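This structure is a prediction, so every number in the text was calculated from the model and none was measured. Proteins get letters first, then strands, A, B, ... in listed order; numbering begins at 1 in each.
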Protein chains: 2
Amino acid sequence: MAPDKSVPAAAAFAARSTVEQVEEGLALAPKFDADGLIPCITTDANTGEVLMLGYMNSEALQRTIATGEAHYWSRSRQCLWRKGSTSDLVQEVVEMRIDDDQDAVWLRVRVAGSGASCHVGYRSCFYRSVELGGPSGGPARLVITESQKSFDPKEVYGDAPNPTQL
Amino acid sequence: MAPDKSVPAAAAFAARSTVEQVEEGLALAPKFDADGLIPCITTDANTGEVLMLGYMNSEALQRTIATGEAHYWSRSRQCLWRKGSTSDLVQEVVEMRIDDDQDAVWLRVRVAGSGASCHVGYRSCFYRSVELGGPSGGPARLVITESQKSFDPKEVYGDAPNPTQL
């Protein structure tokens, strides 16, 4: 198979030489964790709402930069994951940021279709707030923050395995 | 030493029994990773800007819920970390969210003092954007997004070790 020219083969990232270079430098030198992943916060470019926290491996990060569409590494399916391949809810990247020590990515995106990003059917994966306060003698209570789901997961995903793991 | 009554001793979180309960239930049942940590996205409650990605252990999560001030687990210092203890840049929690499979937290906060949250001195840890586009033959270039630092790290942290690790 011919190499995919959309992803550069070598020197995609700078080496991490010094703390000063990582924090103040102007070349992307990401730090992947022991599993080869970097966490990625994805927010709605219009509303600022946090949609999801995903993970990227080196290839997903390179493909996101090269194509301007969000790619992740699916930890449940253990494969490269172009967001929206199944659901058509593609995430167009408006801006990508990297943090101080370059071990976290922030994507600001525009979502296609219904604008939802959560496999449960909600717009955001963060559709429940946690009640704050003192000790109550039991687990903190959650409150649903979205009045209804944006789509029916059964219609979109059919019988595909649920990615949530216990 | 007497137990700290601000944190409940037992049953702080619900057990994770079924996927449906985790995704649709109304009791907090967080999933900590192999290191006992859960990632936490922290955004500015006023602007929506992502300030940082931190990590919480069970105690940090419980203390954040109980006190309404953001607590994290410092991976570099390996200790519980009440944000602002050194810098006075305390994060008051306006809202806490949990995601679909309950393995990520989102905090919306109001930051005290200068409003900054980054040890390098910037408001947000995500003070650099990544240039998108096709292959360039080298690492992606970064662009500084904040015109100046909010504080001088040397004045605030003195000779404390830099948390960035290579």
Side-chain angles (χ1 to χ4, degrees), chain A residues 5-8 11-14 16 18-19 22-29 39 41 43 47-50 52-53 65-66 68 93 95-101 104 106 118-120 122 125-130 132-145 162-166, chain B residues 5-8 11-14 16-19 22-29 39 41 43 47-50 52-53 65-66 68 93 95-101 104 106 118-120 122 125-130 132-143 145 162-166:
Chain A
K5 292 181 181 171
S6 70
V7 176
F13 307 123
R16 296 169 63 88
T18 67
V19 168
V22 167
E23 292 184 347
E24 310 275 3
L26 297 180
L28 185 60
I41 302 159
T43 65
T47 65
E49 183 180 40
V50 177
M52 55 183 282
L53 180 71
I65 293 170
V93 180
E95 186 180 28
M96 175 186 283
R97 300 266 194 114
I98 191 82
D99 76 341
D100 44 19
D101 54 354
W106 170 20
C118 173
H119 76 278
V120 178
Y122 290 105
C125 294
F126 295 84
Y127 51 82
R128 288 170 295 184
S129 64
V130 181
L132 301 174
S136 63
R141 303 301 300 171
L142 307 179
V143 177
I144 304 271
T145 57
N162 188 311
T164 291
Q165 299 179 321
L166 291 180
Chain B
K5 291 181 180 171
S6 68
V7 175
F13 307 124
R16 296 169 63 88
S17 305
T18 68
V19 168
V22 168
E23 291 184 346
E24 310 274 2
L26 298 180
L28 184 60
I41 301 160
T43 65
T47 66
E49 182 179 40
V50 177
M52 55 184 283
L53 180 71
I65 293 170
V93 180
E95 186 180 27
M96 176 187 280
R97 301 266 194 113
I98 190 84
D99 77 341
D100 43 19
D101 54 356
W106 170 20
C118 173
H119 76 278
V120 179
Y122 290 105
C125 294
F126 294 86
Y127 51 83
R128 287 171 296 184
S129 65
V130 181
L132 301 174
S136 63
R141 301 302 297 171
L142 308 179
V143 177
T145 58
N162 189 310
T164 291
Q165 299 180 320
L166 292 177

| remark: Looking only at Asn162(A), Thr47(A), Ile144(A), most heavy-atom pairs under 4.5 Å shared with chain B are made by Asn162(A)
| said: Can you list everything that forms a salt bridge (charged side-chain N to carboxylate O under 4.0 Å, His left out) with Glu23(B)? Sequence neighbours excluded, please. | reply: none
| Heavy-atom pair with the smallest gap, counting every atom of Pro139(A) and Ala27(B) | CB-CB, 4.4 Å
| task | Could you grab the distance from atom CD1 of Ile65(B) to atom CZ of Arg141(A), nearest 0.5 Å is fine? | result | 12.5 Å
| remark: For Met96(B) and Leu132(A) the tightest heavy-atom approach is CB-CD2, 4.1 Å
| said: Shorter than 4.5 Å, heavy atoms on both sides: which option in Val19(B), Thr164(B), Leu26(B), Val22(B) has the most such pairs with chain A? | reply: Leu26(B)
| task | Find the distance between CD (Glu24(B)) and OH (Tyr127(A)) and round it off to the nearest 0.5 Å. | result | 5.5 Å
| message | Using every non-hydrogen atom in the two residues, find where Ala104(A) and Phe126(B) come nearest and quote the distance to one decimal. | response | O-CE2, 3.5 Å
| said: Out of Pro163(B), Cys125(B), Cys118(B), Ser17(B), return the one with the most heavy atom pairs under 4.5 angstrom to chain A. | reply: Cys125(B)
| remark: Under 4.5 Å to a heavy atom of chain B? For Thr145(A) that would be side chain
| message | Using only atom types and a distance under 3.5 Å, with no angle test, would you say the side chain of Arg128(B) pairs donor to acceptor with the backbone of Leu28(A)? | response | no
| said: Which residues pass the salt bridge (charged side-chain N to carboxylate O under 4.0 Å, His left out) test with Glu95(A), not counting sequence neighbours? | reply: Arg97(A), Arg108(A)
| If every non-hydrogen atom of Val120(B) is compared with every non-hydrogen atom of Asp100(A), which pair is closest and at what distance? | CG2-CB, 3.8 Å
| task | With a 4.5 Å cut-off on heavy-atom pairs, point out which of Gly68(A), Ala29(A), Gly48(A), Ala14(A) contacts chain B the most. | result | Ala14(A)
| said: Could you measure the distance from the CG atom of Leu53(B) to the CG atom of Asp99(A)? Nearest 0.5 Å is fine. | reply: 7.5 Å
| chain B interface, residue from Val50(A), Val93(A), Val143(A), Asp101(A) that has the most non-hydrogen pairs under 4.5 Å | Val50(A)
